[in-house]
There are 2 protein chains.
Amino acid sequence: MAARAGLTVDAVTTAAVDLADAVGFEQVTVSALARRLGVQPASLYSHVRGTDDLRTRISVRALEQLGDALALALAGRAGRDALEALVDAVRDYARRHPGRWQATQVPVDVAQAGDAGRRVSALMRGALHGYGLPPQEEVHAVRLLGSTVNGFVRIETSGGFDHSRPDAATSWRRMTAVLDSALRHWPDDDT
Amino acid sequence: MAARAGLTVDAVTTAAVDLADAVGFEQVTVSALARRLGVQPASLYSHVRGTDDLRTRISVRALEQLGDALALALAGRAGRDALEALVDAVRDYARRHPGRWQATQVPVDVAQAGDAGRRVSALMRGALHGYGLPPQEEVHAVRLLGSTVNGFVRIETSGGFDHSRPDAATSWRRMTAVLDSALRHWPDDDT
DNA sequence: CCTTTAGCCTACAGCCTGTAGACAGCCTGC
DNA sequence: GCAGGCTGTCTACAGGCTGTAGGCTAAAGG
């Protein structure tokens, strides 16, 4: 009756990540995961501390994977080429793995996800390097880029563009061009 | 024993909106609201259909209020002045009413929130009118602006800027300037 | 007054979380 | 080859939330 199902923290997390993509990050619960694994809910508490812990693990793994994807996309590129590769990689990741993307969007304890998060922002900073911005402006550019990509992908994945023309892909292409232009003609800070 | 508490759909929604700001949109439940109103959970089911309905009502009301705030901020302004008023109004609303802001960010049935949502995007479009963009580019500009403001506010309210320098307000000012510049020097579409 | 309406109640079924303790399969040492 | 310990999964349960059913009573209208 108690045949081993081969659960480990890692296997549980992997299954949770898949579940998040299948049903949405917010719908990941201990019970739902147990059903999918063919196991009683209580069994999972030996491996994760609870629903919150489960979700945190999904977030950390998703951030790591996003970092991998960005690193791969940026290898050997610079300037507008790098910018397009970066933003397209983020959008691709979000569209292909909606649950994981949602997971990267929830604030998570710095102690647990700090490294993965810092890696992503370092990669973004690297992608902008070819634009030759003044050093003190780089952080603003990273935030602009991060905010815009984040916001767009969020609106797109939640269907915000579904009922208006033209389609999201067209705006995405134009927005990338505008961002590239803005980075090349970065205005002085005359405060 | 059954003294009337004076509940109506409207009063319930107002209380729910306040609760959202106090504890976060995701934490709004029938039970939590009943506790706050000093009433049994079942009593609320005479006024709202359930937790989903409750949250939808919060979203609709928040979108309407956001529209009001934007309309007020934009009255009598144009160009960069209008742009700054617009983005500042959104950011202010989000900071002052975090729960309501979250509520505006969840996708909601078009039939229920369509008007309020359309009003917000119409106001944004109006704010950009002074920049004299080509008509077919306006939608892209609205989406760029919406995405950027959305993404920034989202990251800011979830504490994403808390552990890096300089502070969010500085980046916000710079980003507004960059957006203004991008709108004034909108690149041609050479696809 | 007295009836009707409508608001709030209690009770309950069902699901989810998280804890405690029982029990079975696997590994280790001998 | 086997005894004993460990580890993983189980059942059982307490507590909370959702949503339904049906009862009771305060207010409104004739």
Side-chain angles (χ1 to χ4, degrees), chain A residues 1-61 99 102-103 106-109 111-112, chain B residues 1-61 99 102-103 106-109 111-112:
Chain A
M1 202 66 179
R4 307 261 159 139
L7 301 182
T8 64
V9 176
D10 218 70
V12 168
T13 305
T14 301
V17 164
D18 290 344
L19 180 60
D21 282 334
V23 305
F25 180 66
E26 302 294 340
Q27 274 60 55
V28 174
T29 64
V30 173
S31 289
L33 186 58
R35 266 194 300 278
R36 160 169 286 228
L37 288 168
V39 136
Q40 293 301 315
S43 304
L44 295 181
Y45 286 88
S46 311
H47 304 283
V48 296
R49 273 206 303 272
T51 300
D52 283 356
D53 184 35
L54 199 54
R55 295 199 181 138
T56 301
R57 286 173 197 281
I58 297 175
S59 294
V60 172
R61 182 164 299 185
Q102 289 179 303
V106 306
V108 139
D109 186 14
Q112 315 202 48
Chain B
M1 200 68 180
R4 308 257 159 144
L7 301 182
T8 63
V9 176
D10 218 68
V12 167
T13 304
T14 301
V17 164
D18 290 345
L19 180 60
D21 281 336
V23 306
F25 180 66
E26 303 293 340
Q27 275 61 54
V28 175
T29 64
V30 173
S31 290
L33 186 57
R35 265 194 302 276
R36 158 170 287 230
L37 289 169
V39 133
Q40 293 302 312
S43 305
L44 295 181
Y45 286 90
S46 313
H47 304 282
V48 297
R49 270 207 304 274
T51 301
D52 283 356
D53 184 35
L54 199 54
R55 297 201 179 135
T56 300
R57 285 174 197 280
I58 297 173
S59 295
V60 171
R61 183 166 297 186
Q102 291 179 303
V106 306
V108 139
D109 187 11
Q112 316 204 47

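Here the structure is a predicted model, which is why all the values come from computation and not from measurement. Each chain gets a letter, A, B and so on, in the order the sequences are listed, and its residues count up from 1.
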- Does some side-chain heavy atom of Val12(A) sit less than 4.5 Å from a side-chain heavy atom of Leu54(A)?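 SC-SC contact between Leu54(A) and Val12(A) confirmed.
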How close or far is atom [atom2] of [N] from atom [atom1] of [X], stated in whole angstroms?
X: Asp53(B); N: dT20(D); atom1: CG; atom2: P; value: 12 Å
X: Gln40(A); N: dG18(C); atom1: CD; atom2: P; value: 16 Å
X: Asp10(B); N: dG7(C); atom1: CG; atom2: P; value: 14 Å
X: Leu54(A); N: dG18(C); atom1: CG; atom2: P; value: 10 Å
X: Leu33(A); N: dT9(D); atom1: CG; atom2: P; value: 12 Å

- Task: Output the distance between atom CD1 (Ile58(B)) and atom OG1 (Thr14(B)), rounded to the nearest 0.5 Å.
- Result: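 It comes to 10.5 Å.
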- Message: Please determine whether a side-chain nitrogen or oxygen atom of His47(B) lies at a distance below 4.0 Å from atom OP1 or OP2 of dC8(C).
- Response: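 For dC8(C), OP1/OP2 do have a side-chain N/O of His47(B) under 4.0 Å.
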- Message: Tell me whether the side-chain N/O atoms of Ser46(B) come closer than 4.0 Å to OP1 or OP2 in dG7(C).
- Response: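 Result: no.
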- Query: Got a sec, which pairs hit salt bridge (Lys or Arg N to Asp or Glu O under 4.0 Å) with one end in residues 43-55 of chain B, sequence neighbours left out?
  - Reply: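 Pairs touching residues 43-55 of chain B that pass the test: Asp53(B)-Arg57(B).
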- Among Asp18(B), Leu44(B), Val48(B), Thr51(B), find the one that has a side-chain contact (heavy atoms from CB on, under 4.5 Å) with Leu33(B).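 Option passing the side-chain contact (heavy atoms from CB on, under 4.5 Å) with Leu33(B): Leu44(B).
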- Query: What heavy-atom pair brings Ala34(A) and Gln40(A) nearest, and what distance separates the two atoms?
  - Reply: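 It is CB-C, 3.9 Å.
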- Item | For Arg61(B), salt bridge (charged side-chain N to carboxylate O under 4.0 Å, His left out) partners two or more places apart |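 Arg61(B) satisfies salt bridge (charged side-chain N to carboxylate O under 4.0 Å, His left out) with Asp10(B) only.
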Enumerate all atom pairs, one protein N or O and one N or O from nucleotides 17-19 of chain D, separated by less than 3.5 Å.
{"unit_1": "dC17(D)", "atom_1": "OP1", "unit_2": "Arg35(B)", "atom_2": "NH1", "d": "3.4"}
{"unit_1": "dC17(D)", "atom_1": "OP1", "unit_2": "Arg35(B)", "atom_2": "NH2", "d": "3.4"}
{"unit_1": "dT18(D)", "atom_1": "OP1", "unit_2": "Val30(B)", "atom_2": "N", "d": "3.3"}
{"unit_1": "dT18(D)", "atom_1": "OP1", "unit_2": "Thr51(B)", "atom_2": "OG1", "d": "3.2"}
{"unit_1": "dT18(D)", "atom_1": "OP2", "unit_2": "Ser31(B)", "atom_2": "N", "d": "2.8"}
{"unit_1": "dT18(D)", "atom_1": "OP2", "unit_2": "Ser31(B)", "atom_2": "OG", "d": "2.4"}
{"unit_1": "dG19(D)", "atom_1": "OP2", "unit_2": "Tyr45(B)", "atom_2": "OH", "d": "3.2"}
{"unit_1": "dG19(D)", "atom_1": "OP2", "unit_2": "Thr51(B)", "atom_2": "N", "d": "3.0"}

